[in-house]
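Worth knowing before you read on, the calculation uses all heavy atoms, side chains too, and leaves out hydrogens, waters and symmetry mates.
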Amino acid sequence: MDTIGFIGLGIMGAPMAGHLLDAGYTVVASGHRSKPPADLVARGLKTVSGHHAVARAADIVITMVPDTPEVADVLFGDNGVASGLTGGKLVIDMSSISPIDTKDFATKINDLGCDYLDAPVSGGEVGAKAASLTIMVGGEEKVFERARPVFEKMGKNITLVGPNGVGQTTKVANQIIVALTIEAVAEALVFASKAGADPAKVRQALMGGLAASRILEVHGERMIERSFSPGFRIELHQKDLNLALEGAKALGVALPNTSTTQQLFNACAASGGAKEDHSALVRALERMAGHEVVEANSE
């Protein structure tokens, strides 16, 4: 089995790496900036000093970090992954970053005689823990087939959608849909609650009709129960919608509702909620309505 280097053991990355360990892969991480999670070390995670050392030790290097600059630093910064690569290795970026920069990163890695896949994911912390992530892959088919067994340990819906960069484009499209659906669920629950209906019962009723969605199920419940500890932080969704709006400007495409939803995220961040779960977008609408979504029996 390939040895896998994993860089980015956060909310998403830690359970993803855990699934690879459980499947029998040797997984290597860097311990030079922060200590890897103790439970992963107990399950066999090996640590080395520096991203270049991860690349030397691994056949496949996976990165799972917050934003484009972090990926650039991990790959091409001082003692970065690129400095430890040798021909034939594979770099898989599973972060959500700029499609344009992704194409540049792929070219640089290819020039070193190595392969590159962009493979952002959807499903949040729940999907990462359940190994049920949706994985959207950009790259060559033969490289995708090499990586497929690894992806199958972390996700369920795994699709090669096109060449390098298209995986990230697909993830941006995903984040537009997720953001606008969260906003729609939040509007509906604020409206129903202020009108005097029990939002929990409204949500239950809607789950049986055309309005049913995973977001209504999971994030609607978060809004009602006031459970905003992050599965996916507002500040990260702001980053993703920035990518959407920057891309739209370059393409000459109008994304009016994406822009409006970004302003609601901005309002939440300005009120100190940047690190809350993106379902906390409801707070911006609640402030405008002068009403908080609450269950009828909790008033």
Any donor-acceptor pair under 3.5 Å from Asp67 side chain to Pro69 backbone: no
Contact check, side chains of Val28 and Ile4, non-hydrogen atoms, under 4.5 Å: no
Steps toward side chain to side chain contact (heavy atoms under 4.5 Å, CB included) verdict (Met136, Thr159): CA-CA 5 Å; Met136 302 153 261; Thr159 307; over 6 Å; no
Closest non-hydrogen atom pair, Phe228 against Arg222: CE2-O, 3.8 Å
Value rounded to 0.5 Å, distance of CG in Asp240 from OG in Ser96: 5.0 Å
Exam field: side chain Ser83 to backbone Gly80, donor-acceptor pair closer than 3.5 Å: yes
Ser98 side-chain N/O to Ile100 backbone N/O, donor-acceptor pair under 3.5 Å: yes
Neighbour count above 12 (heavy atom, 6.0 Å) for Leu245 CG: yes
Aromatic ring pairing Phe76/Phe105, orientation class (parallel under 30°, perpendicular over 60°, tilted between): tilted
Side chain proximity check, Ile234 to Lys275, heavy atoms < 4.5 angstrom: no
Expected output: side-chain Asn79 to main-chain Gly50 donor-acceptor under 3.5 Å: no
Transitive ILVMFWY side-chain link Ile135 to Val65, under 4.5 Å: no
Lys239 and Glu235 ion-paired at < 4.0 Å: no
Non-hydrogen atoms of Ala147 and Leu90 that approach each other most closely: CB-CD2, 4.1 Å
From CZ (Phe151) to CG (Asn157), nearest 0.5 Å: 12.5 Å
Side chain to side chain contact (heavy atoms under 4.5 Å, CB included) between Lys153 and Met16, intermediate numbers included: CA-CA 8 Å; Lys153 302 302 182 292; Met16 292 164 68; over 6 Å; no
Closest non-hydrogen atom pair, Leu45 against Pro36: CD2-CB, 3.5 Å
Co-membership, hydrophobic cluster, residues Val218 and Val178, 4.5 Å side-chain: no
Within one Ile-Leu-Val-Met-Phe-Trp-Tyr cluster: Ile97 and Val172, side-chain cutoff 4.5 Å: no
Side-chain touch Ile7/Ser30, heavy atoms, less than 4.5 angstrom: no
Validation row: Arg287, Cys268 side chains within 4.5 angstrom (heavy atoms): yes
Heavy-atom side-chain contact between Met154 and Ile62 under 4.5 Å: yes
Pairwise salt bridge (Lys or Arg N to Asp or Glu O under 4.0 Å) hits with a residue in residues 73-98, at least two apart: Arg33-Asp73
CA sep, side-chain torsions, deciding dist, call: Glu286, Arg283, salt bridge (Lys or Arg N to Asp or Glu O under 4.0 Å): CA-CA 5 Å; Glu286 289 172 336; Arg283 293 192 191 273; 5.2 Å; no
Over all atoms of both residues, closest heavy-atom pair of Leu117 and Asn164: CA-ND2, 3.9 Å
Side chain proximity check, Leu40 to Leu21, heavy atoms < 4.5 angstrom: yes
Full working for side chain to side chain contact (heavy atoms under 4.5 Å, CB included) between Val282 and His219: CA-CA 10 Å; Val282 71; His219 293 310; over 6 Å; no
Donor-acceptor contact present, side-chain His19 to main-chain Lys129, <3.5 Å: yes
Heavy-atom donor-acceptor pair, Asp118 side chain to Thr102 backbone, under 3.5 Å: no
Taking every non-hydrogen atom, the tightest pair across Pro230 and Glu276: CB-C, 4.3 Å
Value rounded to 0.5 Å, distance of CG in Asn242 from CG in Asn266: 7.5 Å
Trace of the side chain to side chain contact (heavy atoms under 4.5 Å, CB included) decision for Leu20 with Phe6: CA-CA 10 Å; Leu20 297 175; Phe6 208 110; 4.1 Å; yes
Gap separating the CG atom of Leu85 from the CG atom of Leu75, nearest 0.5 angstrom: 8.5 Å
Side chain Gln168, main chain Ser95, donor-acceptor under 3.5 Å: yes
Value rounded to 0.5 Å, distance of CD in Gln238 from CG in Leu264: 11.0 Å
Side-chain ion pair, Glu145 and Arg148, N-O less than 4.0 Å: yes
Ion pair check, Glu292 and Arg226, cut-off under 4.0 Å: yes
Within one Ile-Leu-Val-Met-Phe-Trp-Tyr cluster: Phe232 and Val71, side-chain cutoff 4.5 Å: no
Polar side chain donor-acceptor pair, Ser132 to Lys156, under 3.5 angstrom: no
Pairwise side-chain contact, Arg233 with Asp277, heavy-atom cut-off 4.5 Å (strictly under): no
Test ring-ring contact (aromatic ring centres under 6.0 Å, His included) applied to His237 and Phe265, step by step: CA-CA 8 Å; His237 216 141; Phe265 279 138; 5.1 Å; yes
CG-CD1 distance between Leu216 and Ile182, expressed to the nearest 0.5 angstrom: 11.5 Å
Least distance between heavy atoms, Ala186 atom then Met223 atom: CA-SD, 3.7 Å
Transitive ILVMFWY side-chain link Tyr116 to Ile92, under 4.5 Å: no
Stepwise side-chain hydrogen bond (donor to acceptor under 3.5 Å, both in side chains) test for Asn174 and Ser122: CA-CA 8 Å; Asn174 178 86; Ser122 179; 3.2 Å; yes
4.5 Å side-chain heavy-atom contact, Leu255 and Gln262: no
Whether over 12 other heavy atoms sit under 6.0 Å from Gln204 CD: no
